[in-house]
K.L.:
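Handing you a structure now.
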Amino acid sequence: MMTKRTLVFCLLMVLSLGALACMQPPATPPVDLKPALDTITSNDILAHTKVLSSDEYEGRGPGTKGEELTVKYLTEQFQRLGLKPGNPDGTFVQKVPLVGFTGQATASFTAGAKTMTLSFPNDYVAISRRFVPESKVENSDMVFVGYGVVAPEYGWDDYKGMDVRGKTIVMLVNDPAVPDPTDPAKLDDKMFKGKAMTYYGRWTYKYEIAAEKGAAAAVIIHETGPAGYPYEVVSGSWSRENFDIQTPDKNMGRPAVESWITTDRAKELFTASGQDFDALKKAAITKDFKPVVLNAKANFDIKNTLREINSANVIGKLEGSDPTLKNEYIVYTAHWDHLGRDSNLQGDQIFNGALDNASGTAALLEIAEAFTKLSTPPKRSILFNFVTAEEKGLLGAKYYATNPLYPLNKTVANINIDGVNQWGRTRDITMVGDDNSTLIDVLRSVAATQSRVVNPDPESEKGFYYRSDHFEFAKEGVPALYTDSGVDYIGKDANYSKQKRDEYTEKDYHKPSDEIKPDWDLTGAIEDAQLLTMIGYSVAQDEKYPEWKAGSEFKAKRDEMMGGTAK
Ligand SMILES: [Zn+2]
């Protein structure tokens, strides 16, 4: 018997391979997506990208003239396409109130008989996300909590019931590095996904669990290997202005201090308090690890300079055609913001962000247009959500996912675009993260209709799944899909992808030179945008909701939200 899901795939197969691909005749006349998909063109993607990445838009910094122009442009495009306002209040925007904060920190530890004065930012960095002029931690007991992880699905709890309220917790970065019992040279695939990073390994998680536990200060020990980047990356970004979402409690539920320390100073701290860092690190890779109270106390003082920034997500809606299912949503996201302008720079001061993410914004406008060209809209409603402040820590997406305009248990899936493929057609597409939800199955089926395959993330240890807007949806439980350009370019040799990618990372990534290049070939970007359109369409038609697969760290949250009943 043909389920609705097979039917939708079957329709997609008819579309690209002809009726023979379907063994059974469809029960209803096939929806012909092709005319709609054909409206996605290189010229259009390029035209939108040109406007958004022009110098006039000043690098699209939140709260700047660039934001005003961007919001106006996206709103006009939604109106041109005949989309409805995405906000139930009748507007195309969701206001996102942000805070910018610049800290001045001092810190010292007393350990055993020793007093350690720490120098900022060479030995440590520290910020306070509490929106108050000063945050102090005085004479606070220090406790080493291993990796600081509580992961019920692995039977893992680094706190073991210890009350760390008011204390300063010290933690290792990344996932617990549990060795494979049969080959200790490798990581255990059954624990924290082996070599790949899980969310428990991200520094953002470490501070969130510290807040939940009521710690006064949370200190992560930086190690280059496990972190994936040198200490200078941390010290550079943590000594500038940082951003967060305005909250009614002024973030008083966060630890007063969130900090990183270099390995060398951490070792010194452990030794002075009569402990051996390497031995404790070894103890921390087992389930039996218990927190270790250090013979040490911490002092921090952080003075914050604060400013408010009013920003916005820009959202358009295509209403579903089914009277009931139209109250359920597929949310596409692409961040409209980039790094703005830096008046301290010599020469070019504008971070045009043509690829990151004017191009993804342009592609999503094209996807929105394609949906409006269907003869019948999909059964479920589609939201096109251009989110702000991705570059400041996924803040627009986080704001939406924690202040959703439509209930999350009616939000069927998120599909995110961050940058397009600018180097031509590929035989494949990359799934970022692992095979964590049934959306990956949809991705595979739909890619097959384009005679393409899905390849795994070549850099799973870097945790890219946790580093763009879809993650904020995943974190709140909504199944979320994030793909990246394929690596198998048609007509190019095997090294082409890596070579172009490295070139981009070195020369243009987050630099003023991220501009439209004369050699851009958007034929692959068109196919990717068509693929993501078909996926959204398929999910919008399918009777069943996409689900997290067993072992996903986001599954529990979704199950709880759906009341434990499979839909
Ligand atoms: Zn981006």
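For ligands, and for the atoms within them, numbers begin at 1 and follow the listed sequence. These numbers come from a predicted model, not from an experiment.
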K.L.:
So, using ring-ring contact (aromatic ring centres under 6.0 Å, His included) as the criterion, who are the partners of Phe351 when residues are at least two apart?
P.N.:
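Once residues adjacent in sequence are excluded, Phe351 has no partner under the ring-ring contact (aromatic ring centres under 6.0 Å, His included) criterion.
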
K.L.:
Between Ser53 and Glu515, does any side-chain donor sit less than 3.5 Å from a side-chain acceptor?
P.N.:
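Checked: Ser53/Glu515 side chains show no N/O donor-acceptor pair below 3.5 Å.
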
K.L.:
Run the salt bridge (charged side-chain N to carboxylate O under 4.0 Å, His left out) test against Arg467 and tell me which residues pass, sequence neighbours left out.
P.N.:
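Expected list: none.
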
K.L.:
Apply ring-ring contact (aromatic ring centres under 6.0 Å, His included) to Phe473 and list each qualifying residue two or more places apart in sequence or on a separate chain.
P.N.:
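Phe473 satisfies ring-ring contact (aromatic ring centres under 6.0 Å, His included) with Tyr400 once adjacent residues are dropped.
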
K.L.:
Please list, in chain and residue-number order, the protein N/O/S atoms closer than 2.8 Å to the Zn ion (ligand 1).
P.N.:
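Listed by chain and number: His335 NE2, Asp356 OD1, Asp418 OD1, Asp418 OD2.
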
K.L.:
Examine Lys492 relative to Tyr496 and say whether NZ or CZ is less than 6.0 Å from the centre of the six-membered ring and inside a 45° cone about the ring axis.
P.N.:
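Flagged: Lys492 positioned over aromatic ring of Tyr496.
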
K.L.:
Side chains of Asn43 and Thr41: do they bring a donor and an acceptor to under 3.5 Å?
P.N.:
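Absent: no donor and acceptor within the cut-off.
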
